[in-house]
Amino acid sequence: MVKKLLEERNVPKLLSRHEMLNILLEEEYGYLPPEPEKISWKVEENCILNFCAGKATADKVTAVCGINGKEFSFPFYVCIPTCEGKHPFFIHINFRDCVPDRYMPTEELIDHGFAVLSFCYEDITKDNNDFTDGLAGVLYHNGVRRPNDAGKIAMWAWAAQRVMDYAQTLDTVLDFQRSVVCGHSRLGKTALLTAATDTRFQFAYSNDSGCSGAAITRGKQGERVQVICGAFPFWFCENYKKYIGAEEKMPFDQHYLVAAIAPRKVLIGSASEDLWADPVSEFLCCVASGSAFGGFVYEGRLPEIGDKFFEGNIGYHLREGLHYFSREDWQRLIEFVNSK
Ligand code: GCU
């Protein structure tokens with residue numbers, strides 16, 4: 001039944017990682033900004049004193065990047081358990097810059113032995129059509145973009161990669177076999193693009209990312225290309241607009257984004273009432289990209305609330321409820337990472 005549903009979607013066949021990435025960057029997200037010519041860090045140690053009663057350190061770091069002969073800086077937080085050992089870690093692309101935050105239960109993550117590095121996406125460039133703001137202003141002259149230049153999702157992904165640059169300076173306390181990039185919704189789309197374009201990330205987690213994220217576009221319920229390009233054209237490159245009302249002509253579908261992360265690991269999380277994102281289309285994306293990971297292991301039927309398909313390197317879980325990055329989602333993510 002699932003196979004038949006996927007066949008009806010008529011998605012293009014998987015290609016090599018390199019080919020799939022080129023298509024996605026050219027046609028959907030735009031090419032990521034170049035790596036900085038130079039990068040340095042300003043570290044404010046213990047910006048939150050005795051964080052979690054001393055169970056973790058909390059530093060505020062500013063990345064100072066030389067790019068296009070100009071300077072671009074942004075802040076992020078680094079919370080690391082104080083106990084011995086090398087810690088698995090999350091790079092969380094967050095909506096807000098609070099630690100903890102309603103989308104980021106920092107103490108619980110620390111209690112599970114994870115470190116978390118997080119930044120607020122709008123500290124990179126605002127979530128609007130202004131391409132003179134922040135990193136966009138450094139990249140583009142007067143905010144003018146060519147058809148395949150980075151949209152805002154590609155810029156936020158670039159920033160997550162800079163946070164990984166910093167993580168690499170902490171190699172005595174972080175475990176790089178369990179490096180995870182994660183985000184919710186538009187930032188779940190961003191997390192997938194981050195890992196697809198940077199092999200330093202061993203895991204990616206997309207929570208409720210939906211249209212132009214982890215959901216197959218062809219035949220999708222809820223949001224479609226026309227709607228997303230109407231409301232949020234700036235998330236993508238200009239070329240993406242070609243597919244408004246012409247999704248069948250796309251030389252890709254979203255399984256390319258997920259498959260481009262293989263053979264590393266991906267977990268896709270959906271919420272049962274998030275019909276705008278469309279849990280079924282997110283699940284079908286796991287099925288469609290499965291062969292790139294050596295198979296998606298599921299029960300041959302559509303998912304039910306509470307399901308966790310964690311056996312393969314591509315995993316899926318379905319939580320009850322609405323669009324939200326919940327504690328339950330984090331718990332599933334921790335379980336998935338710890339199971340590998
Ligand atoms: C809107 C948008 C979605 C996006 C979501 C979010 O609902 O249509 O594509 O994922 O915002 O980021 O919360």
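The basis for the numbers below is simple: all heavy atoms, side chains too, and nothing from hydrogens, waters or symmetry mates. Counting convention: from 1, in listed order, for ligands and their atoms alike. Here, residue 1 is the first one in the sequence, and each next residue gets the next number.
Using 4.0 Å as the threshold, Trp235 has a heavy atom nearer than that to some atom of ligand 1.
At a 4.0 Å heavy-atom cut-off, ligand 1 touches Arg186 through backbone and side chain alike. The proximity of His323 to ligand 1, defined as any non-hydrogen pair under 4.0 Å, is limited to the side chain.
Aromatic rings from Trp156 and Phe119 are positioned such that their centres are separated by 6.0 Å or more. Taking the six-membered ring for Trp and the full ring otherwise, the centers of Phe283 and Phe296 sit less than 6.0 Å from each other.
Annotation: Trp276 places an N or O atom under 3.5 Å from an N or O atom of ligand 1; distance criterion only. Inclusion of Glu223 in the set of residues having an N or O under 3.5 Å from an N or O of ligand 1 is warranted.
Taking every heavy atom of Lys189 and a limit of under 4.0 angstrom, the matching atoms of ligand 1 come to 3 (C), 4 (C), 9 (O), 10 (O). Close contacts between ligand 1 and Ser185 involve ligand atoms 4 (C), 5 (C), 6 (C), 10 (O), 12 (O), 13 (O) [criterion: under 4.0 Å to a heavy atom]. Ligand-side atoms of ligand 1 in range of Ile228: 9 (O), range being under 4.0 angstrom from any heavy atom.
At a cut-off of 3.5 Å, with distance as the only test, a side-chain donor of Arg9 or Ser281 sits close to an acceptor on the other residue.
Using a cutoff of 4.0 Å between basic side-chain nitrogens and carboxylate oxygens, Arg264 and Asp198 are not scored as salt-bridged. Contact check on Arg162 versus Asp165 returns a salt bridge, with a Lys/Arg side-chain nitrogen under 4.0 Å from an Asp/Glu carboxylate oxygen.
No option in His112, His184, His317, His92 other than His92 meets the ring pair (Phe, Tyr, Trp, His ring centres under 6.0 Å) test with Trp330.
Nearest protein heavy-atom contact of atom 2 (C) of ligand 1 is Phe232 CE1, 3.4 Å.
Ring orientation note: the planes of Phe74 and Phe76 are tilted relative to one another, at an angle of 30° to 60°.
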